[in-house]
Amino acid sequence: MNSKSPAPVSIERYNHRTAEPKWQKAWADAAVFEAKEDASRPKYYVLEMFPYPSGRIHMGHVRNYTMGDVLARFRRACGYNVLHPMGWDAFGMPAENAAIERGVHPKGWTYSNIEAMKGQLKSMGLSLDWSREIATCDPGYYMHEQAMFLDFMEAGLVERRVSQVNWDPVDQTVLANEQVIDGRGWRSGAIVEKRELAQWFLKITAYADDLLKALDGLDKWPEKVRLMQKNWIGRSEGMRFSFAVEDETGKLRDERLTVYTTRHDTIFGASFCALSADHPLVKEIAAKRPDVEAFRREVAALGTSEESIEKAEKKGVFLGLYARHPFSKDVMLPVYAANFVLMGYGEGAIFGCPAHDQRDLDFARKYKLPVLPVVAPKGEANITIGTEAFTDTEGDNVVLVNSSFLDGLSVDKAKEEIARRMEEMSIGERRVNFRLRDWGVSRQRYWGCPIPVIHCKACGIVPVPHSGLPVQLPEDVTFDKPGNPLLHHPTWRHVKCPSCGEAAERETDTFDTFIDSSWYFARFCSPHATSPVDEKAARYWMGVDQYIGGVEHAILHLLYSRFYARAMMKTGHLHLKEPFESLFTQGMVVHETFSNAAGEWVLPAEAQQVDGKWVHTATGEPLTVGGIEKMSKSKRNVVDPETIIAAYGADTARWFMLSDTPPERDIEWTSLGAEGAWRFIQRIWRIVGEGAAEPGDAMSPELKKSVHKTIAAVTDDLEGLRFNRAIARIYELANAISAAPPPERRGAVETLVLLFAPMMPHLAEECWWTLGMPGLVVTTPWPKYDPALLVDDEVTMAIQINGKRRDEIKVAKGLKKEELEPLVMVRDAVVRSLDGKPVKKFIVVPDRIVNIVCAP
RNA sequence: GUGGGCGUGGCGGAAUGGUAGACGCAACGGACUUAAAAUCCGUUGGGAGAAAUCCCGUGAGGGUUCAAGUCCCUCCGCCCGCACCA
């Protein structure tokens, strides 16, 4: 491969079928992608979110991994010691679904999927260090997860408590939110119930403040992701206070009702109290009141997802209780159970102020409760509330009204005053609250990491001793019965208590797969270490310099990983709390949808255009072209990367994925675009063929200039992940080369090859070899540019009259206003446009624009 | 419902508040060819005009500015997340 004799000049087409495997083998033989710690070189850790092994890669993977690969290859060329690993997020529900539906074992299914996908990834020519491959379902991986969980327990980061799950009463199974469709189980169709289960939680809320504050330091993360995390954590400064409650006979209850609010300033506008259906008081009343119990069941049918709860019509049931207003003796607030109050947030109880909260207003209108505005724009003593709540709070322009001693105060001052008084009365205190909830990690499923805990009748919860790790998943399980196979296994869960030695039972729940993906990036530093993370390796490689993945992970995966790094720090497993230095979220791959007359979705590969109309290739029936949507199995608007790579080659697929569309935006896959990329490859091949034939190196000054300008621009664009712009520059350089006479091209062609090499690595190697250049492109340094060649001595400046472009002028660079004015004012177009009107202002933006302001 | 984002020619898109439409695709015209494909050259936001040139134009409407795709306000449309999909 390193032959120095130039290949025979060829006008044949570039053949990816022979070239791509050839160069993939050359890279593998040279082991160029195997990363080794080397303190003498700067490191660069580039990571793409690892895939779930579904069996086949999809276009989203192609896009994600191409971006990471371009960066890895570019940084390597720039002299960095690059770590670019790959692994498998291998636990999860689809393997169990395959087991239930097709009778295959999750392990066999998963590993054969991994093999298939690995082959597909290899055909993409990715510069991955496969020696560091990880599968999270490997006991060699998850044993460390179990060990760290035990350490977390010891560090007080783990809690066991009751929480709610979706329960399918027919299948006798816990359902994931996505398995609940319109309140029914996806397989059984039964109405889903909420059920309470004892579960394990990781105390992410212990770090809520730090996770929030540290967002400021993540300046290489997209602002939108930081904002989303900030809102998700949801820090609020409010008050927790309590009402005295009496029943309909006027009898005072022993227990007060505690609520949480961030709008204590609106206390005089309160017209009701609302409790979560799961509030202890509601449960107590429901035991005696069938209508309340019925309401609880109705709310339970909404499932556990916040979305379904918030979308539901605001409803409630009166509990027959009244809360005494703390400042207005005669005011009694009816107490309801309501479906929009969440037990997991605050106290699970609120007071409703309809005039200034939309949900409260909807509720008040439905139950004909009073709506009294207590905040209004300054100077408007009384505003009318229709169907929209008045929610302005900012500054001194809104003030309290109808609020006794608060009248005239700003919202902030009113809050302060209420807080002071309530504290004085000892009925409440200021309280910072977070929307963020602790992380429930128990899953009632087989295909996950076993939770290393034993339940003993005498000793209670006993952690599995480290010597007992890994707690391995048994392989002899069946899926003929609904529910968790670990629970049905005849022997697995029966063990002796490590503490007292008596008969005890293993925990049969497994971990949420988000745990697996919350530390894999650290494991990649030392994938074969006997501890979870080898400190020396982690100190060299961490943090991830560039993390790339879908924006759909903006909150959960990324927040859990940030928490995990902190928890690992506390237990001595990691030395830094922010794992991802820089984050990039790429857009989705979308495609047209096709459907037939029966409304069935049709694969794009089965659709064909005849006389401008789309028809089914095999049957000829007419097809309807639907919207351009995210590629999905359900809409069948998928294009198989394997087919594309076989037909056009990996470089075509890679080039297409990077061209035109900015990486953070959704890209539409089109066959025309793929062909365009393929044609450009052939064009490069011809340019290189001609360049090889003319080994002269007499670049014209113009071509030399565009070569250096292109190096500068492409370098800058790749550093900023602006792949589409880098590609536009490469097109420009290719055009400039084509326009030059062949004997002047050689040097420019060599640079061109180096510049597109990160994007189309196979083509680059083949071209390099054809040009007779020594070595592999992959080990060739990135080209350098001469800054002196980037500046032009002449510039074209636009001339505007009153902001409208009227003329342009070519002048020496750096002219001052005084030098420009005489040149500009005598120009025909300027004289004509001014039409004798006096000049009011003469504005110059150096080297860019002149704007002459005159009377209109 | 709620949190976040996006919106520019026929299409994908480019544009530190400073010449809107770089670059690519498609289309059209031409060269080459017996012919087609491929390739190469040219044109291409809309409107008026013979031309010079002028008017309009970045989802809609307002505003700030000498100057707005870019900044501010209101609205419309589409997309993503919502804690057990990964």
Side-chain angles (χ1 to χ4, degrees), chain A residues 13 49-52 54 89 91-94 165-166 174-180 199 204 222-225 227-232 234 304-314 340 344 358-359 362 435-445 512-514 517 550-557 559-560 585 587-588 590 627-630 659-662 664-668 670 672-673 675-677 679-680 682-683 686 724-725 727-732 735 738 796-808 829 832 840-845 848-854:
Chain A
R13 282 190 174 175
M49 291 179 185
F50 67 165
Y52 179 80
S54 58
D89 191 10
F91 275 135
M93 288 204 304
V165 294
N166 298 306
V174 176
L175 298 177
N177 282 337
E178 73 157 9
Q179 296 174 319
V180 180
Q199 313 227 56
I204 189 172
E223 189 56 39
K224 62 172 173 180
V225 174
L227 238 186
M228 280 191 256
Q229 291 212 351
K230 179 176 179 246
N231 290 329
W232 185 263
T304 59
S305 101
E306 193 164 300
E307 183 187 2
S308 61
I309 291 164
E310 289 203 14
K311 268 186 184 163
E313 190 197 349
K314 308 294 172 274
F340 60 92
Q358 195 57 46
R359 284 180 308 187
D362 295 344
R435 204 186 76 99
L436 182 69
R437 310 199 292 259
D438 276 332
W439 176 12
V441 297
S442 299
R443 297 292 180 271
Q444 295 69 42
R445 296 185 219 292
D512 177 6
T513 57
F514 270 125
S517 55
V551 70
E552 64 272 21
H553 295 292
I555 295 172
L556 293 180
H557 163 59
L559 195 60
Y560 289 151
T585 55
M588 299 181 301
V590 296
I628 297 165
E629 297 183 47
K630 176 180 181 171
S659 308
D660 296 349
T661 303
E664 70 277 9
R665 231 183 272 184
D666 290 351
I667 190 170
E668 188 193 352
T670 63
L672 275 174
E675 277 163 29
R679 274 203 304 273
F680 183 66
Q682 300 301 339
R683 189 172 155 222
R686 282 194 305 276
N724 57 318
R725 292 217 313 203
I727 282 179
R729 302 295 155 237
I730 288 169
Y731 273 114
E732 277 173 343
N735 291 343
S738 296
T796 303
M797 295 179 69
I799 301 173
Q800 297 179 335
I801 313 285
N802 283 345
K804 288 196 174 179
R805 185 185 169 281
R806 290 294 180 227
D807 196 8
E808 62 179 38
R832 186 163 12 92
K840 288 185 184 167
K841 244 186 194 177
F842 192 89
I843 295 161
V844 174
V845 181
R848 299 197 69 100
I849 211 163
V850 172
N851 190 12
I852 305 167
V853 185
C854 64

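The figures here come from the full heavy-atom set of this structure, side chains too, leaving out hydrogens, waters and symmetry mates.
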What is the per-nucleotide protein-contact pattern of nucleotides 41-56 of chain B, from the 5' end, where B denotes a base atom under 4.0 Å from a protein heavy atom, S denotes such proximity for sugar-phosphate atoms only, and - denotes neither? ------------SSSS
Sugar-phosphate means primed atoms, P, OP1 and OP2; the rest is base. With that split, encode nucleotides 69-80 of chain B 5' to 3' as B, S or - using protein heavy atoms under 4.0 Å. ----------SS
Can you check whether any acceptor in the base of B/C84 is under 3.5 Å from a donor in the side chain of A/Q444, or vice versa?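 Flag set: donor-acceptor pair detected.
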Does a side-chain N or O from [X] land closer than 4.0 Å to OP1 or OP2 of [N], or not?
X: A/S659; N: B/G24; result: no
X: A/R665; N: B/G7; result: yes
X: A/R848; N: B/U19; result: yes
X: A/R686; N: B/C40; result: yes
X: A/R437; N: B/A83; result: no

Need one value for [X]: base, sugar-phosphate or nothing, where a base atom within 4.0 Å counts as base even if backbone is also close, heavy atoms only.
X: A/T670; result: nothing
X: A/R359; result: nothing
X: A/S305; result: sugar-phosphate
X: A/P662; result: sugar-phosphate

Dot-bracket for RNA chain B, please. Rules: Watson-Crick or G-U, both distances under 3.5 Å, ( ) within the strand, [ ] when a pair crosses earlier ones, | for another strand, . otherwise. (((((((..(((.....[....))).(((((.......))))).((((....))))..(((((..]....))))))))))))....
Could you list the residues that satisfy side-chain contact (heavy atoms from CB on, under 4.5 Å) with [X], not counting sequence neighbours?
X: A/Y731; value: A/W655, A/F680, A/I727
X: A/E552; value: none
X: A/L227; value: A/N231
X: A/E223; value: A/R226

A/D438: salt bridge (charged side-chain N to carboxylate O under 4.0 Å, His left out) partners, not counting sequence neighbours: A/R161
Enumerate the protein-to-nucleotides 21-23 of chain B contacts in which both atoms are nitrogen or oxygen and the separation is below 3.5 Å.
unit_1, atom_1, unit_2, atom_2, d
B/A22, O2', A/E732, OE2, 3.0

Would you kindly give the [atom1]-to-[atom2] distance between [X] and [N], to the nearest whole Å?
X: A/F514; N: B/A83; atom1: CZ; atom2: P; value: 10 Å
X: A/K224; N: B/G81; atom1: NZ; atom2: P; value: 12 Å
X: A/L556; N: B/G81; atom1: CG; atom2: C1'; value: 8 Å
X: A/I555; N: B/G5; atom1: CD1; atom2: P; value: 12 Å

If you restrict it to nitrogen or oxygen atoms, what contacts under 3.5 Å exist between nucleotides 64-66 of chain B and the protein, and what is each distance?
unit_1, atom_1, unit_2, atom_2, d
B/C66, O2', A/N851, ND2, 3.3
B/C66, O2, A/N851, ND2, 2.7

Partners meeting side-chain hydrogen bond (donor to acceptor under 3.5 Å, both in side chains) with A/E629 (sequence neighbours left out): A/K635
Apply side-chain hydrogen bond (donor to acceptor under 3.5 Å, both in side chains) to A/N735 and list each qualifying residue two or more places apart in sequence or on a separate chain.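 A/N735 satisfies side-chain hydrogen bond (donor to acceptor under 3.5 Å, both in side chains) with A/R683 once adjacent residues are dropped.
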When you match A/R683 and A/W232 each to their closest nucleotide on RNA chain B, which lands nearer the 5' end?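 The 5'-side residue here is A/R683.
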As a test of the definition: with a 90° window around 0 for syn, would you call B/G46 syn or anti?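 For B/G46, whose glycosidic angle is more than 90° from 0, the conformation is anti.
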Can you figure out which of B/C84, B/G5, B/C85 approaches the side chain of A/Y560 most closely? B/C84
